[in-house]
**Student:** 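Just passing along the structure, written as structure tokens.
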Amino acid sequence: MRLRILVFPVTFTRLTATRGVFAPHKSRVRSLPPLLTRFSLCKPHQVPIQGQSNMKKTLLLASAALGFGLAAHAKADTTLTIATVNNVQMIEMRKLSTVFEKAHPDIHLRWVTLEENVLRQRVTTDIATHAGQFDILTIGNYEVPLWAKQGWLYKFDSLPASYDLNDIIAPVRESVSYEGKVYALPFYAESVMTLYRKDLFAKAGITMPETPTYDQIREFAEKTTDKASDTYGICLRGKPGWGENITIITTMVTGFGGQWFDMNWKPTLNTPAWHNAITYYTSLLKQFGPPGASANGFNENLSLFATGHCAIWIDATSAAGTVFDPKQSSVADKVGFASLPTGSFKGGPTWLWSWNLAIPASSTHADAASTFIQWATSKEYIELVAKTDGWVNIPPGTRSSSYQSPEYQKVAPFSSFVLKAIENSNPSGQTAQPRPYIGAQFVDITPFQGIGTQVGQTVASILAGSSTVDSGLAAANAATNRVIRQAGYQK
């Protein structure tokens with residue numbers, strides 16, 4: 001009997017595994033196959049086979065060759081390119097990642113560590129153009145739902161029970177979700193607090209209340225400023241950027257009774273609330289802040305405070321671990337903390353931010369990327385940091401189990417305060433007047449990234465003295481109105 005069998009050449013396109021937890025969203029969905037690999041069938045070739053026994057031999061050889069190819073591909077090394085921010089916790093993750101690579105010798109990590117503003121520009125450009133430069137992105141809870149809606153991120157589906165997703169603090173977990181699905185895993189999260197030097201307050205004969213007012217902060221800053229010894233009463237973010245100075249500005253504006261837009265999406269930057277907030281902010285830093293405050297972001301102020309040059313610093317709760325750590329802070333035994341100051345309006349949204357690890361839909365190494373991300377955001381990683389650098393330095397704000405740990409509570413007197421601040425951050429809460437958007441220190445719309453950066457540059461110019469509050473806010477309001485109108489938000 002003479003048989004003909006069709007033999008199809010196999011072209012491998014990507015190795016994917018069922019461990020995973022992901023699939024891109026909506027129109028860009030690439031469903032994961034049930035097998036360890038998928039393949040495309042090219043043009044068939046007819047190969048004559050003499051006799052049934054020869055046919056069996058040929059099929060066995062073909063199967064063996066296919067199996068060999070699969071095994072060789074499965075064992076191939078994978079290099080993941082990770083874009084991350086140059087914050088303390090991320091630098092520590094990079095250092096400890098050698099533990100991961102030893103446990104996964106077929107996965108290698110290539111790090112691209114960038115300053116916050118630069119990181120945002122790079123990853124936004126990369127993901128919007130589908131350039132595929134990165135396999136893992138460090139992004140905020142601002143980007144996650146917006147990019148998930150666009151189909152730009154893999155979703156983390158069917159995470160193993162050992163990961164314990166429900167251990168992630170509820171507001172943080174919700175902030176990295178879209179339509180009930182998680183699209184990034186949080187590395188650390190934060191709300192806002194007022195840090196201050198107890199020794200300088202005692203010297204000045206003043207006491208920080210549990211919840212100070214902005215007027216009291218100004219009074220305290222004046223009484224603790226000693227420029228002759230390079231000690232400044234107040235440190236606040238001045239570096240322009242929607243994630244730098246605008247973070248504290250938005251929080252302050254809310255306390256002064258303001259917001260970004262009214263219910264018709266008209267910008268409100270030229271209202272009394274904005275004028276009062278910006279006047280307060282710039283005059284406070286000019287009189288009692290360090291020189292060159294318009295260039296200082298989170299990291300610069302962290303360094304200033306930890307080296308003893310700031311009496312008061314209002315910023316992210318994630319800074320607490322560093323400033324309370326005697327290995328990193330010269331004032332660790334002198335630090336006190338209080339709530340965010342209040343203004344004329346109380347009870348609105350305050351501050352909820354998280355740095356999260358996500359996989360762009362353009363990555364061809366999604367399975368390996370997911371393996372690393374699960375490790376870096378796990379309970380086991382937190383325990384590794386605690387063992388290596390002490391419990392006070394663990395990535396804060398993500399897991400309830402961390403705040404239940406007696407070891408953490410012992411060395412972190414701020415732990416219960418931070419947990420409460422995150423749980424009560426209220427990003428969907430209302431401002432003094434109704435607003436059409438949500439977000440605590442940002443607006444949850446795509447144009448805000450450009451708007452916030454432009455307004456941040458305007459505020460920095462006011463702080464530097466090259467513009468007045470009136471002219472600066474008038475120009476910023478007009479520019480914001482053009483952008484939001486062109487984006488189609490105004491009816």
**Student:** Within the 3.5 Å criterion, strictly below it, is a donor on D226 or S229 matched to an acceptor on the partner's side chain?
**Tutor:** yes
**Student:** Over all heavy atoms of both residues, which pair between A277 and V253 is shortest? Give the atoms and the distance, please.
**Tutor:** CB-CG2, 3.8 Å
**Student:** Less than 6.0 angstrom separating the ring centers of Y232 and F288, yes or no?
**Tutor:** no
**Student:** Report the C-alpha separation of K379 and E383 in whole Å, then their side-chain angles, then the decisive distance to 0.1 Å, and conclude whether the salt bridge (charged side-chain N to carboxylate O under 4.0 Å, His left out) test is met.
**Tutor:** CA-CA 6 Å; K379 295 178 183 178; E383 291 171 358; over 6 Å; no
**Student:** Is there a side-chain contact between K198 and M208 (heavy atoms, below 4.5 Å)?
**Tutor:** no
**Student:** To the nearest 0.5 Å, what is the distance between CD on E244 and CZ on R237?
**Tutor:** 5.5 Å
**Student:** Return yes if a side-chain donor-acceptor contact under 3.5 Å exists between T113 and R94, otherwise no.
**Tutor:** yes
**Student:** Just wondering, do W152 and L137 contact through their side chains at under 4.5 Å, heavy atoms?
**Tutor:** no
**Student:** Against W260, only a single residue in T250, T254, T431, T480 fulfils side-chain hydrogen bond (donor to acceptor under 3.5 Å, both in side chains); can you say which?
**Tutor:** T250
**Student:** More than 12 foreign heavy atoms under 6.0 Å from NZ of K387: is that the case here?
**Tutor:** no
**Student:** Got a donor-acceptor contact below 3.5 angstrom from the Q328 side chain to the D325 backbone?
**Tutor:** no
**Student:** Taking all non-hydrogen atoms of both residues, which atom of M263 and which atom of R435 are closest, and how far apart?
**Tutor:** SD-C, 3.2 Å
**Student:** What about W313 and F298, are their ring centers closer than 6.0 Å?
**Tutor:** yes
**Student:** Should S191 and V418 count as side-chain neighbours, where that means a heavy-atom distance under 4.5 Å?
**Tutor:** no
**Student:** With distance as the sole test, does S466 use its side chain to make a donor-acceptor pair with the main-chain N or O of S461 at under 3.5 Å?
**Tutor:** yes
**Student:** Taking all non-hydrogen atoms of both residues into account, name the closest pair between V182 and A184 and its distance.
**Tutor:** CG1-O, 3.0 Å
**Student:** What is the distance from atom CG of N481 to atom OG1 of T268, rounded to the nearest 0.5 Å?
**Tutor:** 11.0 Å
**Student:** Is it true that atom NZ of K346 has more than 12 heavy atoms of other residues, nucleotides or ligands lying nearer than 6.0 Å?
**Tutor:** yes
**Student:** With rounding to the nearest 0.5 angstrom, report the CG to OH distance, N356 to Y142.
**Tutor:** 14.5 Å
**Student:** List the steps and the verdict of side chain to side chain donor-acceptor pair (under 3.5 Å) for R399 and T377.
**Tutor:** CA-CA 9 Å; R399 290 190 170 272; T377 59; 5.3 Å; no
**Student:** Can the ring centres of F100 and W375 be said to be less than 6.0 Å apart?
**Tutor:** yes
**Student:** Does a donor on one side chain sit under 3.5 Å from an acceptor on the other, for S471 and T468?
**Tutor:** yes
**Student:** Parallel under 30°, tilted from 30 to 60°, perpendicular over 60°: which one fits the rings of F201 and Y196?
**Tutor:** tilted
**Student:** Between F414 and F324, does the ring centre distance come in under 6.0 Å?
**Tutor:** yes
**Student:** Does the pair I484 and Q490 meet the rule for a side chain to side chain contact (heavy atoms under 4.5 Å, CB included), with working shown?
**Tutor:** CA-CA 7 Å; I484 207 72; Q490 294 176 359; 3.2 Å; yes
**Student:** Can you confirm whether more than 12 heavy atoms, excluding those of K420, are under 6.0 Å from its NZ atom?
**Tutor:** no
**Student:** With respect to Y214, which candidate in F345, Y281, F220, F256 satisfies the ring pair (Phe, Tyr, Trp, His ring centres under 6.0 Å) definition?
**Tutor:** F256
**Student:** Can you name the nearest heavy-atom pair linking Q433 to Q430, along with the distance?
**Tutor:** O-OE1, 3.8 Å
**Student:** So, taking the atom named CG in L159 and the one named CG in L185, what distance separates them when rounded to the nearest 0.5 Å?
**Tutor:** 6.0 Å
**Student:** Just so I know, are the side chains of T224 and I206 near enough to count as touching, which here means a heavy-atom distance under 4.5 Å?
**Tutor:** yes
**Student:** Working to the nearest 0.5 angstrom, can you tell me the gap between R482 CZ and N477 CG?
**Tutor:** 10.5 Å
**Student:** What is the distance from atom OG of S400 to atom CZ of R173, rounded to the nearest 0.5 Å?
**Tutor:** 8.0 Å
**Student:** Within a 6.0 Å radius of atom CD on Q409, are there more than 12 heavy atoms belonging to other residues, nucleotides or ligands?
**Tutor:** yes
**Student:** Is there a donor in the side chain of E115 and an acceptor in the side chain of N299, or the other way round, less than 3.5 Å apart?
**Tutor:** no
**Student:** Taking T282 for the side chain and I278 for the main chain, is one N or O donor matched with an acceptor at less than 3.5 Å?
**Tutor:** yes
**Student:** Aromatic rings W265 and F261: how do their planes relate, parallel, tilted or perpendicular, breaks at 30° and 60°?
**Tutor:** tilted
**Student:** Answer whether the closest heavy-atom distance between the side chains of I136 and T81 falls below 4.5 Å.
**Tutor:** no
**Student:** Going by heavy atoms in the side chains, are Y381 and M93 under 4.5 Å from each other?
**Tutor:** yes
**Student:** Between Q287 and S283, do the side chains contain an N or O donor and an N or O acceptor separated by less than 3.5 Å?
**Tutor:** no
**Student:** Between Q374 and S370, is a side chain to side chain donor-acceptor pair (under 3.5 Å) present by the stated rule, with each step listed?
**Tutor:** CA-CA 6 Å; Q374 289 182 54; S370 176; 3.0 Å; yes
**Student:** Indicate yes or no: at least one non-hydrogen side-chain atom of P396 is less than 4.5 angstrom from one of T317.
**Tutor:** no
**Student:** Could you walk me through whether Q449 and T124 pass the side chain to side chain donor-acceptor pair (under 3.5 Å) check?
**Tutor:** CA-CA 10 Å; Q449 188 166 358; T124 300; 3.2 Å; yes
**Student:** Do the rings of F442 and W242 sit parallel, tilted or perpendicular, given the 30° and 60° boundaries?
**Tutor:** perpendicular
**Student:** Checking E219 against K223 for the salt bridge (charged side-chain N to carboxylate O under 4.0 Å, His left out) test, could you report, in this order, the C-alpha distance in whole Å, the side-chain angles of both residues, the deciding distance, and whether it holds?
**Tutor:** CA-CA 6 Å; E219 174 192 344; K223 291 183 176 179; 3.2 Å; yes
**Student:** State, with a plain yes or no, whether a side-chain heavy atom of I445 is found less than 4.5 Å away from one of Y489.
**Tutor:** yes
**Student:** If we ignore hydrogens and angles and just use 3.5 Å, is the side chain of T458 paired with the main-chain N or O of A476 as donor and acceptor?
**Tutor:** no
**Student:** Would you tell me whether H275 and D470 have side-chain atoms, one donor and one acceptor, within less than 3.5 Å of each other?
**Tutor:** yes
